[in-house]
2 protein chains.
Amino acid sequence: MTRAVPHSGGGPLYAQVRELMVAAIVEGRWQPGDALPSENQLAAEYGVSQGTLRKALDALDADNLVVRHQGRGTFVAAHTPQRELFHFFHIAGDDGTKQLPATSRLVTCERRRGTAAECGRLDLPASARIVHLTRVRDLGGRPVILENIVVPARLFPGLVDDDIPNELYQLYEEGFGVTIHRAVEHLRAIAAGRDEARHLGVPLKSPLLEVDRLAETLDGTPAEWRTSRLGSNDHHYVSEID
Amino acid sequence: MTRAVPHSGGGPLYAQVRELMVAAIVEGRWQPGDALPSENQLAAEYGVSQGTLRKALDALDADNLVVRHQGRGTFVAAHTPQRELFHFFHIAGDDGTKQLPATSRLVTCERRRGTAAECGRLDLPASARIVHLTRVRDLGGRPVILENIVVPARLFPGLVDDDIPNELYQLYEEGFGVTIHRAVEHLRAIAAGRDEARHLGVPLKSPLLEVDRLAETLDGTPAEWRTSRLGSNDHHYVSEID
DNA sequence: GAGTGGTCTAGACCACAGA
DNA sequence: CTGTGGTCTAGACCACTCT
């Protein structure tokens, strides 16, 4: 297809090209991990100069939608343990070290209809079907994070409890074609209840850090509601302000 | 001065130009709020093309070091309540609204020698002089945040307790030429002690969110160590992952 | 060596702000 | 109207990767 950009009413050319490429990724025409065509090919395809196309790619790069490697090509961003650690996992040891939980234990896994709160949070119709996971994640050999995870059943057909690896987002992407792109986290302090005390081995009512995360796909659809409770005095949540 | 970039050994041209401009801002040749020379003037000054200079400005813009306005010019970023709210203040109401504390009450303000922990955290020699503030900030008309603030006395000569406005970073910048540029925050849950219970009106041992922030100037010098304790069930800390 | 992304340039034109 | 930043182009050359 050698055709100029269609709807010319959408602001700067490079932004329009960017949107077209986002759409191509959302539709799955380019899959995570795939190499995109070269800059020259894309420029020809979209009927713009290489410089303009480059600006579109720069924008996608800045949004972590693609990764570029000089001499190799441009690739659709994929969830790897590395990216998970640097981008989506914010718990660090007080000594400054950060590492993904090496092991985790699934506590519950059920398919059921969502509560009002769950459906509301995930922007689903009332009583929509959801999958509900509970697990405990270990850090430094100790159970430290109690996670409560709710996802829309529609997005993850056939998800069952043998499938659950440590890296959920990689599973979402590779197993179900659902790419988590951004998330908003709300943090507060809570007092440990019975469940937290039992699973994390902390006293009742001891202060816990609660991280409430709503994660979205590329097109802004809420895809996961995760509530993590941290029961360790040797770890904290790190937030960098640049 | 019409002179090409000096030390040509520092990677891409635009990066070298960027560093020179950062240096000019750090030295105070361009002050926060000032307009920079036009792109053409700067391009001539540094002996590069307008496109290259533009890339340097784009990088400074991305790092929040300058702000650009079409038709008006490029300005050195300055601390305003707006920027404070959007960039450095992360506490929001559970209803999603975010606003800067309208009022605050200074509890203590003393100049003294820093403890080992304080000097270590601020990268100061042992027993260096510091200024130590304690204050309570209000949200929605209620005292909600107890803040403990430690700054190097050397950076803030003559800082006394009449000077303390609500927006500290604006004061640092305008009153002392110290521009806070980035920060790292560490969050954990703690149990309220006597001080927190008294000042925030919460029960002893109730869970509080503690935000430990180390803020740096443009050149990476630690300039403030702030510990905030949040004593409200109607507020939380917001972290966006993009 | 062939192909990729990365840098740099020079120049044209557009959109916006302010005198 | 003038000056500013914003967009777009075309082409040259460099740096890196892989075969």
Student: Does A:Lys98 reach the main-chain N or O of A:Leu85 with its side chain, forming a donor-acceptor pair under 3.5 Å?
Tutor: yes
Student: Starting from C1' on C:dG3, measure out to CD on A:Glu39 and report it in whole angstrom.
Tutor: 12 Å
Student: What distance do A:Leu230 atom CG and A:Tyr237 atom OH have between them, rounded to the nearest 0.5 Å?
Tutor: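 Here the interatomic distance stands at 11.5 Å.
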Student: Nearest 0.5 Å, what's the CD-CE distance between B:Glu45 and B:Met21?
Tutor: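 Going from CD on B:Glu45 over to CE on B:Met21, the span is 9.5 Å.
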Student: Heavy atoms only: give me the nearest A:Asp61-A:Val66 pair and the separation to one decimal.
Tutor: OD1-O, 3.2 Å
Student: By the definition side chain to side chain contact (heavy atoms under 4.5 Å, CB included), identify the one residue from A:Thr227, A:Leu133, A:Ile130, A:Val131 that meets it with A:Ile149.
Tutor: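 When A:Thr227, A:Leu133, A:Ile130, A:Val131 are each tested with A:Ile149, the side chain to side chain contact (heavy atoms under 4.5 Å, CB included) holds only for A:Leu133.
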Student: 5'-most contact on DNA chain C: A:Asp58 or A:Gly71, nearest heavy atom basis?
Tutor: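 So the residue in question is A:Gly71.
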Student: Looking at the side chain of B:Arg54, which of D:dT4, D:dC8, D:dG6 is the nearest nucleotide?
Tutor: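 Nearest nucleotide to the side chain: D:dG6.
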Student: Round to the nearest Å and state the distance from B:Tyr46 atom OH to C:dC8 atom C1'.
Tutor: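 The distance from OH of B:Tyr46 to C1' of C:dC8 comes to 18 Å, rounded to the nearest Å.
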Student: Measure from the side-chain heavy atoms of B:Ser49 and tell me the nearest of D:dT9, C:dA10, C:dG5.
Tutor: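 The answer is C:dA10.
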Student: Choose from C:dT7, C:dT9, D:dT9 the nucleotide whose nearest atom is closest to any side-chain atom of B:Pro12.
Tutor: C:dT7
Student: On DNA chain D, does the nearest nucleotide to B:Pro37 precede the nearest nucleotide to A:Arg72 from the 5' side, or the other way round? Give the residue.
Tutor: B:Pro37
Student: For the helix from C:dG1-D:dC18 to C:dG18-D:dC1, how many degrees between its two end axes (five pairs per end), to the nearest 10°?
Tutor: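 Nearest ten degrees gives 10° for this helix.
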Student: Nearest heavy atom decides the nucleotide; on that basis, is B:Arg68 or A:Gln50 closer to the 5' end of DNA chain D?
Tutor: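 Nearer the 5' end of the strand: B:Arg68.
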Student: Using the side-chain heavy atoms of B:Gln41, tell me which of these nucleotides is nearest: D:dG5, C:dG5, D:dT4.
Tutor: D:dT4
Student: Give the C-alpha distance, both sets of side-chain angles, the deciding distance and a yes or no for ring pair (Phe, Tyr, Trp, His ring centres under 6.0 Å) between B:Phe88 and B:His79.
Tutor: CA-CA 10 Å; B:Phe88 286 96; B:His79 278 283; 5.6 Å; yes
